[in-house]
S.K.: 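Take this structure, written in structure tokens, and hold onto it; I'll ask about it next.
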Number of protein chains: 2
Amino acid sequence: MFLERMQPFQLKPVDFSVLSVVAHNPGITSRQLCTALGILPPNLVGMVNALEKRELVLRRPHPHDGRAMGLHLTPSGQKLMRDAEKTAAALEADVASRLTPAEQRTLISLLKKVYQPE
Amino acid sequence: MFLERMQPFQLKPVDFSVLSVVAHNPGITSRQLCTALGILPPNLVGMVNALEKRELVLRRPHPHDGRAMGLHLTPSGQKLMRDAEKTAAALEADVASRLTPAEQRTLISLLKKVYQPE
DNA sequence: TATTGTTATACTCTATAACTATA
DNA sequence: TATAGTTATAGAGTATAACAATA
């Protein structure tokens, strides 16, 4: 369902995540982004390159660290993400509405109870 | 957790699934196995080759269809799967025991209610 | 003509080693 | 010396096309 709803934006899940984290953390470095998303640095390079080619993000030199690059959304990237995040929120609301608020709380509580990694 | 518990048997999840389906459906053809597991035929070949090299499964000509091969577990494959399935059942019981039977029923019911693919 | 098993192949995802430039 | 970003590369996982043997 997420794939379908993101098709108008031509965003894969990982692209959405990258753009969303950058949108809410402008100037974040590649390293920090990798840590936040559980992506390895070599695998992020190509994604950012592609998003940069689409003029959705841009790399700017980091103000305090000459080695690092700060990531930012372009104006068109910001516009795209406003719409994409609205769509994602609508999807979540659609799915959540299948349960009453009480059921939602029960489900989350039971899932937390079963999910205890050893 | 499944990966860890299957390590003594050197079985990846897909290997466990293949061996389990063959164990309970001796003589099943590659096509049927692919349909059952959602695997594409070209991608099953290598898995069965590897399991055959480990002498866990064997391909025998199909009795009624000269094109097809019937898949069977070897004696050592049967022994391995008896232990592996016991281990898998124990894991499932361990996780299930984190909820009371009533909670288990509630969780399954709520999950069924949210999971309605569009 | 259609199907089974197979080969070859390509594309994606993920992972590690090593380089460069800065710290 | 350690770290950030990058390159090259290797290994899984997954997908399609095409072929030989058989139906």
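Only a predicted model underlies this, so the values are computations on that prediction, with no experimental measurement involved. Chain naming here is simple, since letters A, B, ... match the order of the sequence lines and numbering starts at 1 in each.
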S.K.: Show me, pair by pair, the donor-acceptor contacts under 3.5 angstrom made by side chains of residues 31-40 of chain B, not counting sequence neighbours?
M.R.:
unit_1	atom_1	unit_2	atom_2	d
Q32(B)	OE1	T29(B)	N	3.0
Q32(B)	OE1	T29(B)	OG1	3.3
T35(B)	OG1	R31(B)	O	3.1

S.K.: Report the C-alpha separation of L3(A) and M1(A) in whole Å, then their side-chain angles, then the decisive distance to 0.1 Å, and conclude whether the side-chain contact (heavy atoms from CB on, under 4.5 Å) test is met.
M.R.: CA-CA 5 Å; L3(A) 293 179; M1(A) 289 164 67; over 6 Å; no

S.K.: What is the first contacted nucleotide of DNA chain C and what is the last, in 5' to 3' order, if contact means an atom lying under 4.0 angstrom from a heavy atom of chain A?
M.R.: dC13(C) to dA23(C)

S.K.: Using a 3.5 Å distance criterion without hydrogens, assess whether the side chain of S76(A) forms a donor-acceptor pair with backbone atoms of E55(A).
M.R.: yes

S.K.: Just grab all the salt bridge (Lys or Arg N to Asp or Glu O under 4.0 Å) pairs involving residues 96-108 of chain B, residues at least two apart or on different chains.
M.R.: K113(A)-E103(B)

S.K.: Just the atom pairs and distances: protein N or O near nucleotides 8-14 of chain D's N or O, under 3.5 Å.
M.R.:
unit_1	atom_1	unit_2	atom_2	d
dG13(D)	OP2	K12(B)	NZ	3.3

S.K.: Which heavy atom of L11(B) sits nearest to which heavy atom of M81(B), and what is that distance?
M.R.: CD1-SD, 4.1 Å

S.K.: Side chains of N25(A) and L71(A), heavy atoms from C-beta outward: is any pair under 4.5 Å?
M.R.: no

S.K.: Using a cut-off of strictly less than 4.0 Å between a heavy atom of the residue and any atom of DNA chain C, enumerate the qualifying residues of residues 16-39 of chain B by number.
M.R.: T29(B), S30(B), R31(B)

S.K.: So, the side chain of E52(A) versus the backbone of L58(A): is there a donor-acceptor pair under 3.5 Å, distance only?
M.R.: no

S.K.: Side-chain contact test, heavy atoms from C-beta onward, threshold under 4.5 Å: evaluate it for R5(B) versus D94(B) and give yes or no.
M.R.: yes

S.K.: Do the side chains of D15(B) and R54(B) get close enough for a salt bridge, i.e. N-O under 4.0 angstrom?
M.R.: no

S.K.: Between F16(B) and F2(B), is the ring centroid distance below 6.0 Å?
M.R.: yes

S.K.: Strictly below 4.0 Å, heavy-atom distances to any atom of DNA chain C: list the hits from residues 59-72 of chain A, or just say none.
M.R.: D65(A), G66(A), R67(A)

S.K.: Using 0.5 Å steps for rounding, measure from the CG atom of L19(B) to the CG atom of L51(B).
M.R.: 5.0 Å

S.K.: Quick one: does Q10(B)'s side chain have a donor or acceptor within less than 3.5 Å of a partner on Q7(B)'s backbone?
M.R.: yes

